[in-house]
Chemist: 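Below are the C-alpha coordinates for one structure; questions will follow.
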There are 2 protein chains.
Amino acid sequence: MKKITIGEASRQSGVKVPTIRYYEGIGLLSEPSRSEGNQRAYEPADISRLVFIRHARELGFEVDAIRTLLTLQDDPHQSCASADAIAKARLVDVEQRIRSLMALKVELEAMVEGCGHGRVDQCRVIEVLADHGQCAHAHHGLPALNIPAS
Amino acid sequence: MKKITIGEASRQSGVKVPTIRYYEGIGLLSEPSRSEGNQRAYEPADISRLVFIRHARELGFEVDAIRTLLTLQDDPHQSCASADAIAKARLVDVEQRIRSLMALKVELEAMVEGCGHGRVDQCRVIEVLADHGQCAHAHHGLPALNIPAS
DNA sequence: CCTACATCCTCTAGCGACTAGAGGTGCAAG
DNA sequence: CTTGCACCTCTAGTCGCTAGAGGATGTAGG
(Lines give C-alpha, C1' and ligand atoms only; values in the text may rest on other atoms or scores of the structure.)
Protein backbone atom coordinates (compact mmCIF):
# COMPACT_ATOMS: atom_id res chain seq x y z
CA MET A 1 0.00 0.00 0.00
CA LYS A 2 1.76 3.13 -1.17
CA LYS A 3 -0.15 5.98 0.39
CA ILE A 4 0.05 9.21 -1.53
CA THR A 5 -0.18 12.51 0.31
CA ILE A 6 -2.21 15.34 -1.11
CA GLY A 7 0.95 17.23 -1.98
CA GLU A 8 2.33 14.29 -3.90
CA ALA A 9 -1.05 13.77 -5.59
CA SER A 10 -0.93 17.40 -6.60
CA ARG A 11 2.52 17.02 -8.11
CA GLN A 12 1.61 13.84 -9.95
CA SER A 13 -1.71 15.10 -11.29
CA GLY A 14 -0.94 18.74 -11.91
CA VAL A 15 -3.97 19.79 -9.84
CA LYS A 16 -3.26 22.23 -7.02
CA VAL A 17 -3.68 21.09 -3.44
CA PRO A 18 -6.58 23.41 -2.53
CA THR A 19 -8.26 22.50 -5.81
CA ILE A 20 -8.08 18.80 -4.95
CA ARG A 21 -9.80 19.51 -1.65
CA TYR A 22 -12.33 21.64 -3.49
CA TYR A 23 -13.08 18.80 -5.92
CA GLU A 24 -13.65 16.53 -2.96
CA GLY A 25 -15.98 19.11 -1.45
CA ILE A 26 -18.15 19.32 -4.55
CA GLY A 27 -18.18 15.56 -4.96
CA LEU A 28 -16.05 15.17 -8.06
CA LEU A 29 -13.62 13.10 -6.08
CA SER A 30 -14.65 10.62 -3.42
CA GLU A 31 -13.28 11.08 0.08
CA PRO A 32 -9.95 9.30 0.36
CA SER A 33 -8.90 7.24 3.35
CA ARG A 34 -7.02 9.07 6.08
CA SER A 35 -3.75 8.48 7.88
CA GLU A 36 -3.51 8.18 11.69
CA GLY A 37 -3.00 11.90 11.84
CA ASN A 38 -6.11 12.60 9.72
CA GLN A 39 -4.21 13.32 6.55
CA ARG A 40 -5.64 12.35 3.16
CA ALA A 41 -4.08 9.19 1.70
CA TYR A 42 -4.67 8.76 -2.02
CA GLU A 43 -4.30 5.73 -4.24
CA PRO A 44 -3.04 5.60 -7.83
CA ALA A 45 -6.62 5.42 -9.14
CA ASP A 46 -7.30 8.80 -7.54
CA ILE A 47 -4.38 10.27 -9.45
CA SER A 48 -5.84 9.01 -12.72
CA ARG A 49 -9.15 10.54 -11.82
CA LEU A 50 -7.47 13.86 -11.08
CA VAL A 51 -5.63 13.76 -14.39
CA PHE A 52 -8.91 13.04 -16.13
CA ILE A 53 -10.53 16.01 -14.42
CA ARG A 54 -7.63 18.33 -15.12
CA HIS A 55 -7.58 17.38 -18.75
CA ALA A 56 -11.31 17.83 -19.10
CA ARG A 57 -11.08 21.24 -17.44
CA GLU A 58 -8.29 22.23 -19.79
CA LEU A 59 -10.58 21.30 -22.64
CA GLY A 60 -13.12 23.66 -21.14
CA PHE A 61 -15.69 21.17 -19.90
CA GLU A 62 -17.74 22.44 -17.00
CA VAL A 63 -17.66 20.63 -13.70
CA ASP A 64 -21.17 19.31 -14.26
CA ALA A 65 -20.20 17.85 -17.60
CA ILE A 66 -17.13 16.30 -16.01
CA ARG A 67 -19.29 14.76 -13.33
CA THR A 68 -21.28 13.03 -16.06
CA LEU A 69 -18.17 11.98 -17.94
CA LEU A 70 -16.74 10.49 -14.76
CA THR A 71 -19.83 8.42 -14.04
CA LEU A 72 -19.64 7.18 -17.62
CA GLN A 73 -16.04 6.23 -17.14
CA ASP A 74 -16.92 4.38 -13.97
CA ASP A 75 -19.47 2.26 -15.78
CA PRO A 76 -17.96 1.18 -19.10
CA HIS A 77 -20.95 -0.86 -20.22
CA GLN A 78 -23.11 2.18 -20.82
CA SER A 79 -23.61 3.66 -24.22
CA CYS A 80 -21.19 6.43 -24.90
CA ALA A 81 -23.87 8.56 -26.51
CA SER A 82 -23.85 11.00 -23.58
CA ALA A 83 -20.09 11.42 -23.70
CA ASP A 84 -20.38 12.01 -27.39
CA ALA A 85 -23.13 14.58 -26.91
CA ILE A 86 -21.17 16.42 -24.25
CA ALA A 87 -18.08 16.59 -26.42
CA LYS A 88 -20.10 17.72 -29.43
CA ALA A 89 -21.78 20.46 -27.43
CA ARG A 90 -18.40 21.60 -26.23
CA LEU A 91 -17.14 21.62 -29.82
CA VAL A 92 -20.03 23.79 -30.95
CA ASP A 93 -19.34 26.15 -28.08
CA VAL A 94 -15.66 26.37 -28.94
CA GLU A 95 -16.47 27.09 -32.56
CA GLN A 96 -18.88 29.84 -31.55
CA ARG A 97 -16.29 31.29 -29.27
CA ILE A 98 -13.65 31.32 -31.98
CA ARG A 99 -16.01 33.15 -34.33
CA SER A 100 -16.73 35.81 -31.70
CA LEU A 101 -13.08 36.27 -30.93
CA MET A 102 -12.18 36.60 -34.60
CA ALA A 103 -14.72 39.40 -34.92
CA LEU A 104 -13.24 41.04 -31.85
CA LYS A 105 -9.75 40.72 -33.22
CA VAL A 106 -10.73 42.54 -36.39
CA GLU A 107 -12.17 45.38 -34.39
CA LEU A 108 -9.32 45.65 -31.96
CA GLU A 109 -6.84 45.66 -34.83
CA ALA A 110 -8.69 48.51 -36.47
CA MET A 111 -8.68 50.43 -33.20
CA VAL A 112 -5.01 49.92 -32.53
CA GLU A 113 -4.01 50.62 -36.09
CA GLY A 114 -6.07 53.79 -36.23
CA CYS A 115 -4.40 55.22 -33.15
CA GLY A 116 -2.20 58.11 -34.18
CA HIS A 117 -0.32 57.89 -30.89
CA GLY A 118 -1.17 61.49 -30.27
CA ARG A 119 -3.56 62.89 -27.72
CA VAL A 120 -6.78 61.33 -26.55
CA ASP A 121 -9.00 63.62 -28.56
CA GLN A 122 -7.68 62.05 -31.75
CA CYS A 123 -7.55 58.53 -30.40
CA ARG A 124 -9.47 55.98 -32.37
CA VAL A 125 -9.51 53.58 -29.47
CA ILE A 126 -11.55 55.91 -27.31
CA GLU A 127 -13.58 57.14 -30.23
CA VAL A 128 -14.66 53.72 -31.40
CA LEU A 129 -15.60 52.71 -27.89
CA ALA A 130 -17.76 55.78 -27.56
CA ASP A 131 -19.55 55.18 -30.82
CA HIS A 132 -20.48 51.66 -31.79
CA GLY A 133 -21.48 52.93 -35.22
CA GLN A 134 -17.80 53.13 -36.08
CA CYS A 135 -17.25 49.42 -35.61
CA ALA A 136 -16.89 46.95 -38.37
CA HIS A 137 -19.99 46.12 -36.35
CA ALA A 138 -19.53 42.41 -36.67
CA HIS A 139 -21.97 42.29 -33.81
CA HIS A 140 -19.57 40.95 -31.23
CA GLY A 141 -20.62 39.57 -27.91
CA LEU A 142 -18.92 36.63 -26.33
CA PRO A 143 -20.60 33.73 -24.61
CA ALA A 144 -19.51 33.38 -21.01
CA LEU A 145 -17.43 30.63 -19.40
CA ASN A 146 -14.41 30.54 -17.14
CA ILE A 147 -11.62 28.29 -17.90
CA PRO A 148 -8.54 27.94 -15.70
CA ALA A 149 -5.36 29.86 -16.40
CA SER A 150 -3.59 26.70 -17.45
CA MET B 1 -33.89 69.32 -18.28
CA LYS B 2 -35.10 65.96 -19.50
CA LYS B 3 -34.61 63.62 -16.61
CA ILE B 4 -34.00 60.04 -17.63
CA THR B 5 -35.11 57.23 -15.36
CA ILE B 6 -32.90 54.24 -14.84
CA GLY B 7 -35.25 52.08 -16.90
CA GLU B 8 -35.11 54.52 -19.80
CA ALA B 9 -31.34 54.74 -19.44
CA SER B 10 -31.24 50.97 -19.60
CA ARG B 11 -33.31 50.91 -22.78
CA GLN B 12 -31.23 53.64 -24.43
CA SER B 13 -27.86 52.20 -23.47
CA GLY B 14 -28.51 48.50 -23.64
CA VAL B 15 -27.19 48.03 -20.10
CA LYS B 16 -29.55 46.26 -17.71
CA VAL B 17 -30.99 48.17 -14.78
CA PRO B 18 -29.26 46.20 -11.99
CA THR B 19 -26.02 46.41 -13.94
CA ILE B 20 -26.27 50.19 -14.07
CA ARG B 21 -26.66 50.30 -10.30
CA TYR B 22 -23.78 47.88 -10.00
CA TYR B 23 -21.58 50.13 -12.13
CA GLU B 24 -22.46 53.03 -9.88
CA GLY B 25 -21.54 50.93 -6.85
CA ILE B 26 -18.09 50.08 -8.17
CA GLY B 27 -17.47 53.65 -9.22
CA LEU B 28 -17.58 53.28 -13.00
CA LEU B 29 -20.48 55.66 -13.11
CA SER B 30 -20.81 58.69 -10.89
CA GLU B 31 -23.88 58.97 -8.69
CA PRO B 32 -26.64 60.70 -10.62
CA SER B 33 -28.95 63.31 -9.17
CA ARG B 34 -32.16 62.09 -7.62
CA SER B 35 -35.80 62.95 -8.07
CA GLU B 36 -38.00 64.07 -5.17
CA GLY B 37 -38.86 60.45 -4.52
CA ASN B 38 -35.20 59.40 -4.44
CA GLN B 39 -35.16 57.94 -7.91
CA ARG B 40 -32.05 58.21 -10.07
CA ALA B 41 -32.26 60.90 -12.75
CA TYR B 42 -29.75 60.54 -15.55
CA GLU B 43 -28.56 62.96 -18.17
CA PRO B 44 -27.68 62.27 -21.82
CA ALA B 45 -23.96 62.26 -20.96
CA ASP B 46 -24.57 59.34 -18.62
CA ILE B 47 -26.13 57.38 -21.46
CA SER B 48 -23.02 57.93 -23.58
CA ARG B 49 -20.89 56.73 -20.75
CA LEU B 50 -23.01 53.62 -20.39
CA VAL B 51 -22.77 52.92 -24.10
CA PHE B 52 -19.01 53.34 -23.87
CA ILE B 53 -18.86 50.87 -21.01
CA ARG B 54 -21.12 48.36 -22.68
CA HIS B 55 -19.14 48.48 -25.85
CA ALA B 56 -15.85 48.08 -24.02
CA ARG B 57 -17.26 45.11 -22.08
CA GLU B 58 -18.43 43.54 -25.33
CA LEU B 59 -14.89 43.87 -26.59
CA GLY B 60 -13.80 42.01 -23.47
CA PHE B 61 -12.07 44.81 -21.59
CA GLU B 62 -12.02 44.27 -17.85
CA VAL B 63 -13.71 46.76 -15.58
CA ASP B 64 -10.35 48.06 -14.37
CA ALA B 65 -9.23 48.70 -17.92
CA ILE B 66 -12.50 50.45 -18.63
CA ARG B 67 -12.00 52.63 -15.59
CA THR B 68 -8.69 53.77 -17.07
CA LEU B 69 -10.18 54.27 -20.51
CA LEU B 70 -12.95 56.39 -19.00
CA THR B 71 -10.55 58.65 -17.15
CA LEU B 72 -8.67 59.06 -20.43
CA GLN B 73 -11.86 59.98 -22.19
CA ASP B 74 -12.64 62.51 -19.50
CA ASP B 75 -9.33 64.28 -20.03
CA PRO B 76 -8.74 64.55 -23.79
CA HIS B 77 -5.44 66.39 -23.49
CA GLN B 78 -3.59 63.38 -22.20
CA SER B 79 -1.49 61.18 -24.40
CA CYS B 80 -3.41 58.25 -25.69
CA ALA B 81 -0.49 55.91 -25.06
CA SER B 82 -2.31 54.21 -22.21
CA ALA B 83 -5.43 53.64 -24.24
CA ASP B 84 -3.26 52.29 -26.99
CA ALA B 85 -1.45 49.97 -24.58
CA ILE B 86 -4.71 48.68 -23.09
CA ALA B 87 -6.15 47.94 -26.50
CA LYS B 88 -2.96 46.26 -27.63
CA ALA B 89 -2.83 44.09 -24.53
CA ARG B 90 -6.42 43.12 -25.18
CA LEU B 91 -5.55 42.26 -28.76
CA VAL B 92 -2.67 40.05 -27.67
CA ASP B 93 -4.98 38.33 -25.22
CA VAL B 94 -7.63 37.74 -27.86
CA GLU B 95 -5.04 36.32 -30.23
CA GLN B 96 -3.75 33.97 -27.54
CA ARG B 97 -7.26 32.89 -26.76
CA ILE B 98 -7.99 32.16 -30.40
CA ARG B 99 -4.86 30.04 -30.66
CA SER B 100 -5.84 28.04 -27.57
CA LEU B 101 -9.35 27.52 -28.82
CA MET B 102 -8.12 26.38 -32.21
CA ALA B 103 -5.97 23.76 -30.50
CA LEU B 104 -8.98 22.72 -28.46
CA LYS B 105 -11.13 22.50 -31.52
CA VAL B 106 -8.68 20.13 -33.18
CA GLU B 107 -8.69 17.89 -30.14
CA LEU B 108 -12.42 17.91 -29.65
CA GLU B 109 -12.93 17.11 -33.32
CA ALA B 110 -10.60 14.14 -33.04
CA MET B 111 -12.46 12.95 -29.95
CA VAL B 112 -15.89 13.27 -31.51
CA GLU B 113 -14.81 11.75 -34.78
CA GLY B 114 -13.11 8.84 -33.06
CA CYS B 115 -16.23 7.94 -31.13
CA GLY B 116 -17.64 4.72 -32.52
CA HIS B 117 -21.00 5.44 -30.84
CA GLY B 118 -20.70 2.13 -29.11
CA ARG B 119 -20.14 1.49 -25.44
CA VAL B 120 -18.01 3.56 -23.12
CA ASP B 121 -15.12 1.13 -23.07
CA GLN B 122 -14.46 1.88 -26.72
CA CYS B 123 -15.18 5.58 -26.48
CA ARG B 124 -12.43 7.84 -27.60
CA VAL B 125 -13.86 10.79 -25.74
CA ILE B 126 -13.40 9.12 -22.37
CA GLU B 127 -10.16 7.53 -23.40
CA VAL B 128 -8.50 10.71 -24.52
CA LEU B 129 -9.59 12.51 -21.39
CA ALA B 130 -8.06 9.79 -19.25
CA ASP B 131 -4.78 9.89 -21.08
CA HIS B 132 -3.38 13.19 -22.18
CA GLY B 133 -0.69 11.31 -24.12
CA GLN B 134 -3.34 10.59 -26.75
CA CYS B 135 -3.91 14.25 -27.51
CA ALA B 136 -2.61 16.01 -30.49
CA HIS B 137 -1.08 17.49 -27.36
CA ALA B 138 -1.14 21.00 -28.65
CA HIS B 139 -0.68 21.88 -25.03
CA HIS B 140 -4.00 23.58 -24.53
CA GLY B 141 -4.84 25.68 -21.54
CA LEU B 142 -6.94 28.73 -21.79
CA PRO B 143 -6.28 32.02 -20.10
CA ALA B 144 -9.15 33.03 -17.84
CA LEU B 145 -11.60 35.90 -18.29
CA ASN B 146 -15.37 36.29 -18.10
CA ILE B 147 -17.10 38.11 -20.76
CA PRO B 148 -20.83 38.83 -20.77
CA ALA B 149 -23.27 36.62 -22.67
CA SER B 150 -23.92 39.40 -25.15
C1' DC C 1 -59.53 60.13 -4.62
C1' DC C 2 -58.63 55.28 -4.98
C1' DT C 3 -56.76 51.45 -6.89
C1' DA C 4 -53.87 48.82 -9.89
C1' DC C 5 -49.70 48.10 -11.68
C1' DA C 6 -45.15 49.06 -13.40
C1' DT C 7 -41.11 50.79 -11.98
C1' DC C 8 -38.19 52.26 -8.71
C1' DC C 9 -35.46 51.82 -4.08
C1' DT C 10 -31.97 49.18 -0.82
C1' DC C 11 -30.09 45.18 0.75
C1' DT C 12 -28.36 40.53 0.78
C1' DA C 13 -27.11 36.30 -1.31
C1' DG C 14 -25.89 33.47 -5.20
C1' DC C 15 -23.34 31.95 -9.57
C1' DG C 16 -18.71 29.07 -11.21
C1' DA C 17 -14.44 27.51 -10.21
C1' DC C 18 -11.50 28.40 -7.70
C1' DT C 19 -7.84 31.12 -4.52
C1' DA C 20 -6.11 33.21 -0.26
C1' DG C 21 -5.55 33.45 4.43
C1' DA C 22 -6.11 32.49 9.46
C1' DG C 23 -5.18 29.53 13.02
C1' DG C 24 -3.96 25.09 14.30
C1' DT C 25 -1.85 19.91 13.94
C1' DG C 26 1.32 16.16 12.00
C1' DC C 27 5.59 14.48 10.72
C1' DA C 28 10.47 13.79 9.39
C1' DA C 29 15.18 15.44 9.81
C1' DG C 30 18.95 17.31 12.43
C1' DC D 1 13.59 18.37 21.02
C1' DT D 2 13.11 21.69 18.06
C1' DT D 3 12.69 23.48 13.51
C1' DG D 4 10.11 23.94 9.61
C1' DC D 5 7.37 22.27 6.06
C1' DA D 6 3.20 20.07 4.79
C1' DC D 7 -1.02 19.12 6.27
C1' DC D 8 -5.84 20.14 8.50
C1' DT D 9 -10.52 23.00 8.69
C1' DC D 10 -12.92 27.00 8.04
C1' DT D 11 -14.21 31.39 6.21
C1' DA D 12 -14.03 34.92 2.95
C1' DG D 13 -12.59 36.91 -1.39
C1' DT D 14 -12.22 36.97 -6.60
C1' DC D 15 -15.02 38.79 -11.17
C1' DG D 16 -18.98 40.69 -13.20
C1' DC D 17 -22.86 40.42 -12.67
C1' DT D 18 -27.91 38.32 -11.51
C1' DA D 19 -31.85 37.12 -8.55
C1' DG D 20 -34.85 37.92 -5.02
C1' DA D 21 -36.99 40.01 -0.75
C1' DG D 22 -39.52 43.63 0.95
C1' DG D 23 -40.87 48.12 0.49
C1' DA D 24 -41.62 53.07 -1.77
C1' DT D 25 -42.88 55.85 -5.83
C1' DG D 26 -45.02 57.17 -10.09
C1' DT D 27 -48.64 56.98 -13.46
C1' DA D 28 -53.00 55.80 -15.69
C1' DG D 29 -57.72 54.64 -15.41
C1' DG D 30 -62.18 54.53 -13.00
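Heavy-atom basis, side chains included; hydrogens, waters and symmetry copies ignored. Here is how names work: the chains are called A, B, and so on, in the same order as the sequence lines, proteins then strands, and each is numbered from 1.
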Chemist: Please determine, for the side chain of B:K16, which listed nucleotide (C:dC27, C:dC18, D:dT18) has the closest atom?
Modeler: D:dT18
Chemist: Rounded to the Å, how far apart are B:E58 CD and D:dC17 P?
Modeler: 11 Å
Chemist: Please tell me which of B:D64 and B:E36 maps to the more 5' nucleotide of DNA chain D, matching each residue to the nucleotide holding its nearest heavy atom.
Modeler: B:D64
Chemist: Answer with base, sugar-phosphate or nothing: what part of the nucleic acid does A:R40 contact at a heavy-atom distance below 4.0 Å?
Modeler: sugar-phosphate
Chemist: On DNA chain C, nearest-nucleotide positions of A:S35 versus A:Y23: which is more 5'?
Modeler: A:Y23
Chemist: Report the distance from atom CZ of B:F61 to atom C1' of D:dG16, rounded to the nearest whole Å.
Modeler: 17 Å
Chemist: Under 4.0 Å between a Lys/Arg side-chain N and an Asp/Glu carboxylate O for B:E95 and B:R99?
Modeler: no
Chemist: Could you check which of C:dA17, D:dC8, C:dT10 has an atom nearest any side-chain atom of A:R21?
Modeler: D:dC8
Chemist: Atom CD1 of A:I26 and atom P of C:dC15: how far apart are they, to the nearest Å?
Modeler: 13 Å
Chemist: Measure from the side-chain heavy atoms of A:T19 and tell me the nearest of D:dG16, C:dT19, D:dC8.
Modeler: C:dT19
Chemist: Can you check the A:L28 CG to C:dG16 P distance for me, whole Å?
Modeler: 13 Å
Chemist: Just the rounded figure in Å: distance from P of C:dC9 to CD of B:E24.
Modeler: 9 Å
Chemist: Check this one for me: any side-chain N or O of B:R34 less than 4.0 Å away from OP1 or OP2 of C:dT10?
Modeler: yes
Chemist: May I have the distance from B:Y22 (atom OH) to D:dT14 (atom C1'), rounded to whole angstrom?
Modeler: 10 Å
Chemist: Among the candidates C:dA17, C:dT7, D:dC7, find the nucleotide nearest to the side-chain atoms of A:E62.
Modeler: C:dA17
Chemist: Between C:dT19, D:dC7, C:dA17, spot the one nearest the side chain of A:T5, thanks.
Modeler: D:dC7
Chemist: Where is the tightest heavy-atom contact between B:A9 and B:Y42, given as atom of each residue plus distance?
Modeler: CB-CD1, 4.0 Å
Chemist: Atom CD1 of B:I4 to atom C1' of C:dC8: distance rounded to whole Å?
Modeler: 16 Å
Chemist: Decide, yes or no, whether a salt bridge links A:D74 with A:R49 under the criterion of side-chain N to carboxylate O below 4.0 Å.
Modeler: yes
Chemist: Before accepting this row, confirm whether a basic side-chain N of the pair A:K105/A:E109 lies closer than 4.0 Å to the acidic partner's carboxylate O.
Modeler: yes
Chemist: Side chain of A:Q39 only, heavy atoms from C-beta on: which candidate in D:dC17, C:dC8, C:dG26 is closest?
Modeler: C:dG26
Chemist: For B:R11 and A:N38, take the nucleotide of DNA chain C holding the closest heavy atom to each; which residue's nucleotide lies nearer the 5' end?
Modeler: B:R11
Chemist: Nearest of D:dC17, D:dT9, C:dC8 to any side-chain atom of B:V17?
Modeler: C:dC8
Chemist: Between B:I53 (CD1) and D:dG16 (C1'), how many Å, whole number?
Modeler: 13 Å
Chemist: Pick from A:E31, A:E8, A:E24: which one makes a salt bridge (charged side-chain N to carboxylate O under 4.0 Å, His left out) with A:R40?
Modeler: A:E24
